Amino acid sequence: MAFHICSSHSSLFHNRQSFPSSFSSSSSSLHNFLFSNVASSCKRLMLHSKASLHHPKTHAPHQDAVSRDPDANSSSLSKTRVWVNPSSPRAKHFRTKSSSSRYSYLTRLVESLNSSAPPTAQHASTILKGLEDNVSERDAVFILDKIVNSVTAAFVLRYFLDKIKPAGDTELVLYNVTLKAFRKSRDFEGAEKLFDEMIQRGVKPDNITFSTLINSARMCALPNKAVEWFEKVRSFGCEPDAMVYSAMVSAYAQTNNVDMALSLYDRAKAEKWSLDASTFSSLIKMHGVSGNYDEGLRIFQEMKVLGVKPNVVTYNTLLGGLFRSKRSWQAKNIYKEMVTDGVSPDFITYSTLLRIYAGAQYSDDAFGIYEEMKGHGMDMSVDLYNRLLAMCADVGCIDEAVEIFEDMKSSGTCQPNRLSFSSLITVYSCNGKVSEAEGILNEMIQFGFQPTIYVLTSLVQCYGKAKRTDDVVKIFKQLVDLDIVPDVQFCCCLLNVMTQTPIEELGKIIECIEKANTQLGSVVRYLVEEKKGDGDFRKEISELLNSVDVKVKKPLCNCLIDLCISLNVPNRARDLLDLGLTLEIYKNLQSRSQNQWSLHLKKLSIGAAMTALNVWINDLSKALESGEDLPPLLGVNTGQGKHKYVSDKGLVSVCESHLRKLNAPFHEAPDKAGWFLVTRDAAISWLESSSSTESISDLNFQVSGGSTVAFQSG
DNA sequence: GTAGGGTTAG
């Protein structure tokens, strides 16, 4: 026996002559239908097929890609024929080639079936006729498996059932693989109908049928249907297997049915079914979305103990849980473990890490991830760029922000939006870079974006730092012209500007504040004019603080205290701090345990922090005077002070210099960042000596030494 | 590349 081989590569495409007569003669619209599909098939094949590159002439658009099966008959029109001895090594080569041409033929046939969703019955049947009578169960399965539309699949199934007349298992296989097409096109109702048809024809469903149905229900967001089908499995004489349980664990996890998911999971463990990484990921995510990261981590540990190797999705799910629960500090370890484990990060890994790091202001880590993404040629989204830029504004990274902004503009994949411009303006403004901020503002307007209240707030801050009071007023007028209602943050910014403004120009800012918020204007007048009458003052401030949103109570209180310090009315600052404590705007500033008394200054403005520090030292003196025993250690926690918004100096350094000024023997803790500590003995001798020379409660703790411009940061 | 399997961020 010998193989009859076409030596030319024309098996990819056939001459017009071999077009079945039913095509060319009768239906011209069908003709067009096929031709339009062929054109796109040609394009694809020209990219991938060596044969097509070597024989460009075979791609004339008149030729049809799926008209006829190359193996269906032997009347090949190819010019050259070669006889090959079947036992020679060449025969094997040609046999492979022949089966590969059959494969590409079937693939193109499926492409045609999929290219119109759904084709009419006539279209589909015409396409399938190309198979002629040479159709095996294998081919039928191959084709059905790749069909994406349920209507097409139903038609093709019917065609094959007629053609092949399968029995028993073959029929079941064809139905099962058709169900997959229903899953792909999310046609659950159709899948149920197909199941009924199957039963009517006397085909007995198996676990594959049920797991396909259960997963379909899940993917169609019909969890109740998944449960319903799960409960039906046994009534069809089927004992659910690991796959069916696995599908159900995921179905329960996905719908947050924690109890059921876990009970099936426990059962899987008890019965030693192997669940795979995907099912574990579903369980981990389930815990993550219900805010139970630790439980997710427990499942992750268990998974490893059970010998299931975590994959990139598993790690991404864990990182997603960390992002949701804001446990940024744990992300680095998970990422480290992932790398050690040899699992390659993908885009989701990087973007999740970037969000975590940027949000937590781990700037070096965030920049590192950004560089890695660039190194891998990954496209950054606008959101990711913006998160980086926002972080730069928060931590004061000017150069990096500019570089990122330039990268963004030249990325070709996305353009800066309102938020990007706003962040960059904030970066410049926080650092008092007036001309740069103005430049970006102009660019923003050229891009077609009106300045927002965020931008205007930043510009107020910028001009304030530069002591350009008239420009601050100009920005306020712009805000009014744009019909933007000034919010509390904007007012806070004006208060902040006041602390940096020469006394003779304060009136200009106060006028703006009065227009923006009458109540606040009156409080500010009160402070500036040093009115007497405590009762009224407390009442007025309480009303003001109670009138604003809970999110801005603390910033407002902070700004007002800073203003008191700069106006050199420290008693008013103490009143405000006291009021803030009463209204629970400030909580747990002081704490006492057996071994240590502490002062917590995190999230306080510099003025508020220094006021709280003085109050605390005063309290320590009183405790000492009244004969109370001090603990072995006293500590002040300033936090790490990544926020450069407040002052270029930052709370840490201001606190340090203030303590030095007081001669207080606190020392920065070498192993505990953000803490200043002192031992009992050192504290006692200092408190005793300073109370003899000066009353601590009266100390002027302005850090910059100016008469009205305390805590200036420029 | 020939009947089951998806799962991950905002």
Side-chain angles (χ1 to χ4, degrees), chain A residues 96 99-107 110 135-147 153 157 160 166 169-184 198 203 205-220 226 233 238 240-251 253-254 261 274-286 288-289 296 299-300 303 308 310-324 331 334 338 343 345-356 358-359 369 381-384 386-387:
Chain A
T96 312
S99 85
S100 111
S101 92
R102 171 95 181 149
Y103 166 71
S104 63
Y105 169 75
L106 292 178
T107 305
V110 171
V135 51
S136 64
E137 178 206 331
R138 234 165 88 103
D139 291 344
V141 168
F142 178 84
I143 290 166
L144 276 170
D145 188 57
K146 280 159 191 60
I147 297 211
L157 171 68
F160 286 142
D169 275 358
T170 303
E171 209 173 358
L172 172 62
V173 170
L174 291 180
Y175 270 101
N176 280 348
V177 73
T178 306
L179 276 175
K180 281 172 71 184
F182 281 75
R183 176 169 56 70
K184 277 177 242 170
M198 210 175 143
V203 182
D206 63 359
N207 270 325
I208 296 177
T209 318
F210 291 111
S211 70
T212 308
L213 277 168
I214 290 168
N215 281 321
S216 301
R218 263 179 58 204
M219 292 167 75
C220 295
V233 175
C238 224
D241 66 2
M243 291 286 234
V244 171
Y245 277 110
S246 209
M248 278 315 295
V249 169
S250 295
Q254 212 176 313
S274 59
L275 298 180
D276 66 2
S278 299
T279 309
F280 280 101
S281 297
S282 302
L283 287 169
I284 294 168
K285 189 192 172 186
M286 172 185 80
V289 295
I299 299 271
F300 174 68
M303 158 184 193
V308 181
N311 62 20
V312 65
V313 177
T314 321
Y315 283 105
N316 289 351
T317 310
L318 279 172
L319 290 172
L322 287 176
F323 178 74
R324 247 190 297 262
I334 295 290
M338 178 178 187
V343 177
D346 64 6
F347 181 79
I348 295 178
T349 318
Y350 286 127
S351 59
T352 308
L353 281 170
L354 196 60
R355 288 186 167 94
I356 293 175
I369 296 294
S381 64
V382 179
D383 173 65
L384 291 179
N386 283 348
R387 281 171 192 268

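On a predicted model such as this, the values are computed, not experimentally measured, just so you know. The chains referred to below are lettered A, B, ... by the order of the sequence lines, with proteins before strands, and numbering in each begins at 1.
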S.K.: Strictly below 4.0 Å: does Arg324(A) bring a side-chain N or O up to OP1 or OP2 of dA9(B)?
M.R.: yes
S.K.: With heavy-atom distances below 4.5 Å as the criterion, would you say the side chains of Lys146(A) and Thr107(A) are in contact?
M.R.: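 Side chain of Lys146(A) against side chain of Thr107(A), heavy atoms only: no contact under 4.5 Å found.
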S.K.: Of all of residues 205-213 of chain A, which get a heavy atom below 4.0 angstrom from DNA chain B, listed by number?
M.R.: Asp206(A), Asn207(A), Ile208(A), Ser211(A), Thr212(A)
S.K.: Report the nucleotide, chosen from dT8(B), dA9(B), dT7(B), that has the shortest atom-to-atom distance to any side-chain atom of Asn316(A).
M.R.: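 Side chain of Asn316(A) sits closest to dT8(B).
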S.K.: Using only modelled atom types and a 3.5 angstrom limit, is any donor from either the side chain of Asp241(A) or the base of dG4(B) paired with an acceptor on the other?
M.R.: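 Present.
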S.K.: Respond yes when some side-chain nitrogen or oxygen of Lys285(A) is under 4.0 Å from OP1 or OP2 of dT8(B), and no when none is.
M.R.: yes
S.K.: Report yes if the side chains of Leu172(A) and Ile208(A) come closer than 4.5 Å at any heavy-atom pair, otherwise no.
M.R.: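 SC-SC contact between Leu172(A) and Ile208(A) ruled out.
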S.K.: Tell me whether the OP1 or OP2 atom of dG1(B) has a side-chain N or O from Arg138(A) closer than 4.0 Å.
M.R.: no
S.K.: OP1 or OP2 of dG10(B) versus the side-chain N and O atoms of Arg387(A): is any pair under 4.0 Å?
M.R.: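 It does not, given that no N or O in the side chain of Arg387(A) lies less than 4.0 Å from OP1 or OP2 of dG10(B).
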S.K.: Starting the side chain at C-beta, find the nucleotide from dT8(B), dA9(B), dA3(B) nearest to Leu172(A).
M.R.: dA3(B)
S.K.: Can a side chain N or O of Lys180(A) be found less than 4.0 Å away from OP1 or OP2 on dG4(B)?
M.R.: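 Checking Lys180(A) against dG4(B): at least one side-chain N or O falls below 4.0 Å of OP1 or OP2.
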S.K.: Which pair of non-hydrogen atoms, one from Val312(A) and one from Met338(A), has the smallest distance, and what is that distance?
M.R.: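 Here Val312(A) and Met338(A) meet closest at CG2-CE, 3.8 Å.
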S.K.: Starting the side chain at C-beta, find the nucleotide from dA9(B), dT7(B), dT2(B) nearest to Val141(A).
M.R.: dT2(B)
S.K.: Quick one, Ile147(A) and Lys180(A) - any side-chain contact, counting heavy atoms below 4.5 Å?
M.R.: no
S.K.: What heavy-atom pair brings Leu283(A) and Ala261(A) nearest, and what distance separates the two atoms?
M.R.: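 Shortest heavy-atom contact: CD2-CB, 4.0 Å.
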S.K.: Counting N and O atoms only, with roles assigned by atom type, does the side chain of Asn215(A) sit under 3.5 Å from a partner on the main chain of Ser211(A), one being a donor and the other an acceptor?
M.R.: yes
S.K.: Measure from the side-chain heavy atoms of Asp145(A) and tell me the nearest of dA3(B), dA9(B), dG10(B).
M.R.: dA3(B)
